J.: 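I'd like to ask you about the structure that follows.
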Amino acid sequence: MNGWNSMDRGLVRSGLDRLFLRRQATFWSRRLRPLWSRTDGRAEVVEIVDETHDTKTFWLRPPRSWAGHDAGQFVTVTCEVNGVATRRCYSLSSRPGEALVAITIKRVEGGLMSPWLHERVHVGDHLALSPASGDFTAPSATRAPLLFLTGGSGITPAMAILRDLTARGALPDTVFIHHARSPRDLAFADELRALAASHRQLSLHLLTDDVDGFFDEATFTALAPDFAARETYLCGPAPLMDRAAGLWDGGYTHTRLHAERFALPTTVATREAVGTPTQATLATSGRTLSLNGAGTLLEQLEQGGATPAHGCRIGICHTCKCIKRAGSVQNLLTGAISDAPNQLIQLCISRPRGDITLDL
Amino acid sequence: MTTATARHETDATAPINGAEFATPTAPDRDSLERELDALRRDVVARLGENDVTHIRNVMLAANTSELGGRALLQFGWGPVTFVLGTGALALSKILENMEIGHNVIHGQYDWTGDPALRSDTYEWDIACTSADWRRYHNYEHHTYTNILGKDRDVGYSFLRVTPEQPWHPRHLFQLPVAATLAAMFQWGVATHGLGADALLSGDKSLREFVTGARPFAAKAGWQLFKDYGLFPALAGVGAPRVALGNLLANGLRNLWTFSVIFCGHFPEGVTVFETDNTEDETRGQWYARQIRGSANIEGGRLLHILTGHLSHQIEHHLFPDIPASRYPELAPRVQEICARHGIRYSTGTFGRQLRSVWGRIARLSLPGPRGVRPTRI
């Protein structure tokens, strides 16, 4: 297919369509696609490591299309969970440049993807992996002091960055503070302690809720009094992140504070009582749905019977992005209001503020 | 007609076919609605990997059968490979139209999120466009099922298949007409939604008709080119063999689909309804009309797959957007619910249902019986 440009491929595709051989073409190309896909590739599970009682690291041989990653970035994993195509984003916990890549996944009770991966995926299986993306990365040559403040599974991108910097001998003065529920929930504890022992510039604090209590501003500022001067990487459960961010001038907008969210913020917008029901007009399919006012716009559309495309459902992968023809929505991550017509919005992090019209 | 007392005495294990049952009264209709809704919720909660695996296995069978069939016609010689090739190609067309196309386009697999199984983009391998089908089958037929005057599937508008339809002199010729329709059924299906009857009666202008027929004409052109132009041409000297094989495969598929579809709503025992009372139907009444307006075909697993599970026409009409492979497990529960509510559940062997349908087409080509009115819901 090397000499073919996109116009040639378009002609072939349209020919296949017109001759209604599409059924065969689609069917067989999907079976053979793993061999030549340029986008979503299939990664082979090479090893599964139990990090804690409920956390596993999946070491994967990346697909041929893999273009590498920067430490701290994430991938979108696509899997059929109980027959349903499901996508979730996971940070890569391994450093770039290695033969294998790793995702470290904590089993979430009541979750869709994590229990499936823990129970049904074994060595030798394949997972569909998107290219890496995200900007929760450390600058490659950094002398500035660093601070990692993580909680729970938020440790994963921090591990990737830390492993990368230590392997390259480029670790600056670093404070690493991690919060876990209890000692048995401390993933990577041994590795972190070994790194701290061999790197004097690494100051490690592994705190557990049962012994040291929850995240607390006083304890934190005692461990890292110069936090405002450090390039900080903040990742963990929303309550921890929101409390911590409050310590920086300007909160999340502070230039040295980098935040990676795994879940939507626990702001008033999402946790408030069910909002007023509204109507959504879907311009392309010509339907009108009633929205019940509970949850994000994506959730309300699904409740109303629509099935918009979606991915991570937390505002990162942009699969759910579509054009809002008319109406007003609020962005749940930034709080920004979108009033103007014909704006691109992400359904999973928007909340309607009245009737809306979407290009769906 | 049985009385209310008799209905309450109905034994759930007694044979259901044969006797007339009265319409369920209001409290019974509500419980019918509740029980069938609960049945639906139960099966939806259990949809998963097995359902997707099933449809993909059928797609694998259909696709390999088509490749194998066309290869045998293209590269083989002699009558044996001709028969096998034609048979394999006919099988692939039957699977693609019945178990795959009809069910996927109904939205039975939209919940998977698989782009190859989306009801709004799947284009099936038959002359009828998916868009026309979605409109006149998914919407019109399933909404107005068996309502005389609104469901144009009753006799496909020009055949008299139930005594409630008024007799017209053209019906005298309906046996050969039906036989022709059967042999060319894909063209009947493809043109059914275009509204030729509206054109003839003057309700639709020629321009409207031609514009509406354009997508069909385009798809039909490519279908004909594929089976009677491209593949024969690729066979060179074998062109007549390939063209004949394709023609017969299409014909076999037509006869099969005609038989299955006509057995779904026209054997003895299926009810035809009048429009007036159906306007304000409750959901329970809708369920009852779907059951009474449909008929099942008894058979084994192979029959179910080859008919696209339209052997379970009743379950399909109750739950058109549930994966059809679930209908056999729902059938015993639906039968039991019908028995308790005094609703007729029509079923019979393929031979019996087919004889019943053709018998009616023959008898009803003559005038009479007089004064048979459609049923009030």
Side-chain angles (χ1 to χ4, degrees), chain A residues 13-33 37 39-40 76-88 112-113 115-117 119-121 125 128 282 284-287 298 301-313 317 319-320 360, chain B residues 45-56 58-67 70 92-93 95-97 100-101 104 107 109-130 134 218-227 229-231 321 323:
Chain A
R13 193 162 297 139
S14 119
L16 291 173
D17 280 357
R18 284 173 187 273
L19 287 170
F20 296 101
L21 299 173
R22 183 201 290 185
R23 174 170 60 90
Q24 292 276 9
T26 319
F27 186 80
W28 295 113
S29 72
R30 282 176 93 212
R31 292 212 155 201
L32 304 172
R33 192 157 71 107
S37 171
T39 54
D40 256 40
T76 307
V77 174
T78 309
C79 219
E80 267 187 12
V81 175
N82 263 326
V84 183
T86 312
R87 280 181 284 273
R88 291 290 184 271
L112 215 49
M113 177 78 94
W116 182 269
L117 291 172
E119 289 158 24
R120 303 291 296 265
V121 173
D125 288 344
L282 306 183
T284 315
S285 55
R287 296 163 64 183
L298 176 63
L301 286 168
E302 289 172 338
Q303 269 293 331
T307 51
H310 64 92
C312 66
R313 302 178 75 94
C317 68
T319 305
C320 64
L360 280 180
Chain B
R46 290 183 291 112
L47 293 179
E49 222 182 334
N50 290 341
D51 299 274
V52 188
T53 307
H54 164 78
I55 193 69
R56 288 194 181 134
V58 179
M59 289 170 99
L60 179 63
N63 289 342
T64 36
S65 192
E66 179 179 1
L67 285 177
R70 288 199 191 273
S92 83
K93 286 180 188 281
L95 289 175
E96 150 60 9
N97 287 164
I100 303 170
V104 168
Y109 295 94
D110 282 352
W111 56 273
T112 65
D114 185 341
L117 296 174
R118 273 177 62 170
S119 59
D120 54 345
T121 55
Y122 191 86
E123 192 62 50
W124 59 341
D125 188 2
I126 194 176
C128 182
T129 67
S130 294
R134 274 190 287 271
K219 182 171 183 185
W222 286 105
Q223 289 290 96
L224 290 170
F225 174 64
K226 177 175 67 142
D227 276 342
L230 176 72
F231 282 113
D321 58 346

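Here is the naming used below: chain letters follow the sequence lines, and residue numbers restart at 1 for every chain. What you see is a predicted model, and the numbers here were worked out from it, not measured in a lab.
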J.: Is it the side chain or the backbone of Tyr109(B) that comes within 4.5 Å of chain A heavy atoms, both, or neither?
T.: neither
J.: What's the spacing between Asn82(A) CG and Thr112(B) OG1 if we round to 0.5 Å?
T.: 12.5 Å
J.: If I compare all heavy atoms of Phe27(A) with all of Met59(B), which pair ends up nearest, and what's the gap?
T.: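 Closest pair (atom of Phe27(A), atom of Met59(B), distance): CE1-CB, 3.7 Å.
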J.: I'd like to check the side chain to side chain contact (heavy atoms under 4.5 Å, CB included) partners of Thr121(B); sequence neighbours left out, ordered by chain and number.
T.: Arg118(B)
J.: Check whether Gln24(A) reaches the backbone of Asn63(B) with its side chain - one donor and one acceptor, N or O, closer than 3.5 Å.
T.: yes
J.: In terms of heavy-atom proximity below 4.5 Å to chain A, should Ile100(B) be classed as side chain, backbone, both, or neither?
T.: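 No part of it gets close to chain A.
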J.: Mind checking side chain to side chain contact (heavy atoms under 4.5 Å, CB included) for Gln303(A) and listing every partner two or more places apart, or none if nothing turns up?
T.: Asn292(A)
